[in-house]
Amino acid sequence: MDEKWQRPRGTQDILPADAARVERLRRLVSSVAALYGYGAIETPVFEQTAVFVDGVGDGTDIVQHERYSFVDSGGVALTLRPEGTAAVARAYVEHGLSAWPKPVRLYYWAPMFRRERPQKGRYRQHQQYGFELYGSPEPSADAEVLLVARRLLERVGLTPQVLVNSIGCDVCRPGYRAALVSYFQERWADLCEDCRRRATENPLRVLDCKQDRDVARGAPDIADFWCAACRAHQDAVMALVADQGLAVVREPSLVRGLDYYYRTVFEVHDPSLGAQSTVLGGGRYDGLTARVGGAPVPAVGFAGGVERLLMAAGSAVAEDPVPRAYVAQVGPGRAAWRVGEMLRDAGIPTEVDLMARSLKAQMKEAGRRAVVVVLAGGQEWEAGRVGLKRLTDGREAEAPLVDLTETVRAWLDEHER
RNA sequence: GUGGAUGUAGCUCAGUUGGUUAGAGCGCCAGGUUGUGGCCCUGGAGGCCGGGGGUUCAAGUCCCCUCAUUCACCCCA
């Protein structure tokens with residue numbers, strides 16, 4: 001195949017069978033959203049570059065190395081959306097949603113773009129769903145969002161292992177950061193190359209290094225540095241979810257890579273996904289609206305990868321089987337053509353031959369994609385009757401045309417059970 | 001961006017130490033008496049062996065480059 005015509009690296013074509021699973025998951029997400037009162041929001045696929053650079057943080061990998069950015073013919077700097085939260089925050093500010101009765105609950109489902117090296121569960125274009133809860137600084141807001149995540153995962157058949165941490169606030173994080181830096185300076189010789197870089201750029205991230213486990217384990221725990229307010233917040237969130245039977249585990253090394261997080265952060269992993277095991281991740285981001293031109297508004301939320309969730313879900317999110325009817329033309333004429341539209345008038349998914357096939361070939365085709373075959377044409381047709389056959393059990397009958405839709409529906413219903 | 005593995009039919013894969021017209025299974029199409037699928041039988045279509053260059057009398061097989069896929073690092077959904 002000429003590589004000129006291959007899809008771009010890290011993108012995917014989703015064929016009908018998989019598209020049906022995606023569609024099914026999408027309905028599931030919106031049903032959970034409805035259950036908790038989250039309204040859908042859609043934002044553009046691209047934004048002015050500053051929305052992500054300032055919103056997500058210009059030190060983060062997704063804005064530093066992974067941006068799909070371009071300047072349009074009018075000279076405007078634009079970027080394909082790499083994540084949803086900053087874009088929603090921009091829309092929240094732009095449309096004055098801070099004037100809406102609080103809290104404001106929003107969810108989205110949208111394609112995201114990051115120029116990374118593709119691997120299992122990681123694509124340059126992928127889809128994310130996300131939930132955003134604006135307006136409440138209370139621990140109950142963090143807890144609700146965690147409960148939404150749990151319900152969603154349970155609906156797709158997973159039992160989530162939720163990892164939680166608090167990365168503190170402006171009061172306590174600087175102290176922790178300083179303690180970490182001096183700890184790493186003492187062990188500089190034990191750090192891997194990547195960690196030395198990280199130790200200066202973003203010391204918190206050395207914690208989840210995969211090589212220097214020992215160094216990370218011996219590092220000071222942020223829990224010992226939390227201010228009273230952060231500690232109380234974290235304790236309350238943990239208590240609230242535990243109250244609802246959601247077991248969460250505090251993971252001291254959990255830090256997340258986006259700059260807007262504040263206090264609560266959490267992730268859900270699934271080991272079946274390999275190295276890219278994060279099914280969903282999120283946290284609190286009270287300062288984000290201020291980064292995109294608004295007043296600060298407290299907010300919490302999370303986002304999850306559609307492809308990863310589908311991989312982890314396996315057959316739990318299966319394609320909906322659609323029981324179909326197939327109308328075969330017997331002999332010459334257009335009987336099948338007419339019966340087809342008749343069945344569709346009644347809302348029954350129906351196919352009719354378009355290949356000028358023999359009856360045998362039509363039957364074969366029906367066997368592949370239908371449950372009930374209607375045989376239209378010939379002498380019965382002249383007498384106002386058609387033949388019926390159910391492929392699943394071989395049942396056959398003849399019916400007057402006037403009763404046809406009723407009979408087909410009954411046969412399909414019986415098959416369903 | 002770094003490292004490893006892999007690219008042969010629509011799909012899953014054989015293809016010997018380089019040696020004639022590159023194979024199988026599944027799938028697809030047609031037929032096995034005029035109007036009844038699945039099973040079975042017969043036949044058929046479908047491959048610049050990812051692309052380019054090189055070594056050789058000879059390359060799907062060996063070498064180099066490139067593209068893609070994949071796994072891991074990095075990072076994250």
Side-chain angles (χ1 to χ4, degrees), chain A residues 1-12 15 56 59-66 81-85 109-130 149 192-195 197-198 201-202 205 208-211 254-258 267-270 273-282 302-312 326 328-333 335 355 357-381 386-398:
Chain A
M1 195 197 321
D2 193 332
E3 59 203 31
K4 182 180 174 184
W5 305 115
Q6 287 176 3
R7 68 188 187 278
R9 185 166 208 196
T11 62
Q12 43 188 344
L15 273 23
V56 178
T60 61
D61 284 88
I62 73 175
V63 328
Q64 217 167 52
H65 311 293
E66 302 172 2
R81 169 180 54 205
E83 64 99 51
T85 300
W109 171 292
M112 304 293 165
F113 306 84
R114 296 182 193 174
R115 199 185 178 290
E116 299 178 272
R117 184 92 170 251
Q119 91 187 59
K120 182 177 185 178
R122 186 164 78 186
Y123 304 95
R124 289 185 173 181
Q125 178 180 343
H126 71 282
Q127 313 220 75
Q128 278 182 34
Y129 56 86
C192 69
E193 213 175 302
D194 281 326
C195 286
R197 173 179 55 80
R198 280 183 293 212
E201 283 173 9
N202 191 345
R205 257 191 281 172
D208 60 354
C209 174
K210 272 134 195 142
Q211 292 177 45
L254 178 58
V255 292
R256 311 234 0 113
L258 275 35
E267 286 181 359
V268 173
H269 291 262
D270 188 287
L273 296 180
Q276 309 303 317
S277 63
T278 311
V279 169
L280 124 199
F302 69 88
V306 170
E307 293 81 1
R308 287 184 192 178
L309 187 52
L310 246 18
M311 272 188 266
Y326 187 98
Q329 175 68 43
V330 177
M355 303 296 291
R357 285 186 163 121
S358 67
L359 182 61
K360 173 178 173 158
Q362 290 183 69
M363 289 300 293
K364 198 173 169 187
E365 173 75 351
R368 268 190 294 251
R369 39 213 317 176
V371 171
V372 173
V373 196
V374 178
L375 293 122
Q379 289 183 346
E380 296 95 318
W381 181 254
V386 292
L388 275 124
K389 178 165 185 173
R390 185 159 56 196
L391 282 336
T392 46
D393 59 3
R395 181 177 176 190
E396 284 185 70
E398 212 176 86

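Order of the sequence lines fixes the chain letters, A, B, ..., with proteins taken first and strands second; residue numbering starts at 1 for each chain. These numbers were taken from a predicted model, which means no experiment stands behind them.
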What pairs of nitrogen or oxygen atoms, one from the protein and one from nucleotides 1-6 of chain B, lie under 3.5 Å apart?
unit_1, atom_1, unit_2, atom_2, d
B/U2, O4, A/Arg117, NH1, 2.4
B/G3, O6, A/Arg117, NH2, 3.2

For a quick check of understanding: with a heavy-atom distance under 4.0 Å over all strands, which category does [X] fall into, base, sugar-phosphate or nothing?
X	value
A/Val279	sugar-phosphate
A/Leu258	sugar-phosphate
A/Gly331	nothing
A/Gly84	nothing
A/Tyr123	base
A/Ala303	sugar-phosphate
A/Gly274	sugar-phosphate
A/Gln362	nothing

What is the separation between atom [atom1] on [X] and atom [atom2] on [N], rounded to the nearest whole Å?
X	N	atom1	atom2	value
A/Trp5	B/G50	CH2	C1'	17 Å
A/Glu83	B/C76	CD	C1'	11 Å
A/Leu388	B/G35	CG	P	19 Å
A/Asp61	B/A77	CG	P	11 Å
A/Arg256	B/C75	CZ	P	13 Å
A/Arg205	B/C75	CZ	C1'	8 Å
A/Phe113	B/A77	CZ	C1'	14 Å
A/Glu307	B/U70	CD	P	12 Å

Could you pull out all residues at least two apart from [X] that satisfy salt bridge (charged side-chain N to carboxylate O under 4.0 Å, His left out)?
X	answer
A/Asp61	A/Arg205
A/Arg124	none
A/Arg390	A/Asp393, A/Glu414
A/Arg198	none

Handout entry: Audit row: A/Arg114, A/Glu83, side chain to side chain contact (heavy atoms under 4.5 Å, CB included) steps and yes/no
Key = CA-CA 9 Å; A/Arg114 296 182 193 174; A/Glu83 64 99 51; 3.7 Å; yes
Practice task
List the steps and the verdict of side chain to side chain contact (heavy atoms under 4.5 Å, CB included) for A/Val268 and A/Phe302.
Solution key: CA-CA 10 Å; A/Val268 173; A/Phe302 69 88; over 6 Å; no
Handout entry: Side-chain donor/acceptor of A/Glu267 to backbone N/O of A/Gly281, under 3.5 Å
Key =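 A pair under 3.5 Å: no.
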Practice task
Look at the side chain of A/Arg308 and the backbone N and O of A/Val279, then say whether any donor-acceptor pair between them is shorter than 3.5 Å.
Solution key: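 Checking the backbone N and O of A/Val279 against the side chain of A/Arg308, no donor-acceptor pair under 3.5 Å is found.
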Handout entry: Contact check, side chains of A/Met311 and A/Lys120, non-hydrogen atoms, under 4.5 Å
Key =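 Yes, at least one pair of side-chain atoms sits under 4.5 Å.
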Roughly how far apart, to the nearest Å, are [N] and [M] at atom [atom1]?
N	M	atom1	result
B/G50	B/C40	C1'	38 Å
B/G47	B/C41	C1'	27 Å
B/A9	B/A5	C1'	24 Å
B/U8	B/G35	C1'	44 Å
B/A45	B/G10	C1'	12 Å
B/C49	B/G4	C1'	24 Å
B/G19	B/U61	C1'	11 Å

Exercise for the section: Assign each of A/Leu391 and A/Arg9 to its nearest nucleotide of RNA chain B by heavy atoms, then name whichever residue's nucleotide is nearer the 5' end. Expected result: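 The residue whose closest nucleotide sits nearer the 5' end is A/Leu391.
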Problem - Upstream residue (5' side of RNA chain B) when A/Gln276 and A/Lys120 are each assigned their closest nucleotide - result: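 Closest to the 5' end, via its nearest nucleotide, is A/Lys120.
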Problem - Working for side chain to side chain contact (heavy atoms under 4.5 Å, CB included), residues A/Val374 and A/Tyr326 - result: CA-CA 6 Å; A/Val374 178; A/Tyr326 187 98; over 6 Å; no
Handout entry: Rounded distance [0.5 Å steps], NE2 in A/His126 versus OG1 in A/Thr11
Key =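 Atom-to-atom, A/His126:NE2 and A/Thr11:OG1 are 13.5 Å apart.
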Problem - Separation of A/Lys389 NZ from A/Glu398 CD (nearest 0.5 Å) - result: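 That separation rounds to 14.0 Å.
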Practice task
Spell out yes or no: do the side chain of A/Glu380 and the base of B/G35 have one donor N/O and one acceptor N/O closer than 3.5 Å?
Solution key: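 Such a pair exists between side chain and base.
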Handout entry: hbond_proxy A/Arg198 side chain to B/C74 base (donor-acceptor, 3.5 Å cutoff)
Key =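 Per atom types, no contact qualifies.
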Practice task
Give a yes/no on whether any side-chain N or O of A/Arg368 is located under 4.0 angstrom from OP1 or OP2 of B/C29.
Solution key: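 Checking B/C29 against A/Arg368, a side-chain N or O does come within under 4.0 Å of OP1 or OP2.
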Exercise for the section: Would you please confirm or rule out a distance under 4.0 Å between OP1 or OP2 of B/A72 and any side-chain N or O of A/Gln119? Expected result: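 Checking A/Gln119 against B/A72: at least one side-chain N or O falls below 4.0 Å of OP1 or OP2.
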The criterion is side-chain hydrogen bond (donor to acceptor under 3.5 Å, both in side chains); which residues satisfy it with [X], sequence neighbours excluded?
X	answer
A/Glu66	none
A/Arg7	none
A/Gln125	none

Which atom pairs link the protein and nucleotides 9-12 of chain B when you take only N or O atoms and keep those under 3.5 Å?
none

Problem - Dot-bracket line, read 5' to 3' along RNA chain B, where crossing pairs take [ ] and | marks a partner on another strand, Watson-Crick or G-U under 3.5 Å - result: (((((((..((((.....[...)))).(((((.......))))).....(((((..]....))))))))))))....
Handout entry: Heavy-atom closest contact (A/Ala366 atom, A/Leu391 atom, distance)
Key =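 Smallest interatomic distance, heavy atoms only, reads O-CD2, 4.0 Å.
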Problem - side chain to side chain contact (heavy atoms under 4.5 Å, CB included) between A/Leu375 and A/Met363, intermediate numbers included - result: CA-CA 9 Å; A/Leu375 293 122; A/Met363 289 300 293; 4.2 Å; yes
Handout entry: Sub-4.0 Å heavy-atom contacts from residues 370-377 of chain A onto RNA chain B, ordered by number
Key =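 Of all residues in residues 370-377 of chain A, the ones placing a heavy atom under 4.0 Å from RNA chain B are A/Leu375.
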Can you check nucleotides 30-32 of chain B for protein contacts, nitrogen or oxygen pairs under 3.5 Å, and list what you find?
unit_1, atom_1, unit_2, atom_2, d
B/G32, N7, A/Lys360, NZ, 3.1
B/G32, O6, A/Lys360, NZ, 3.1

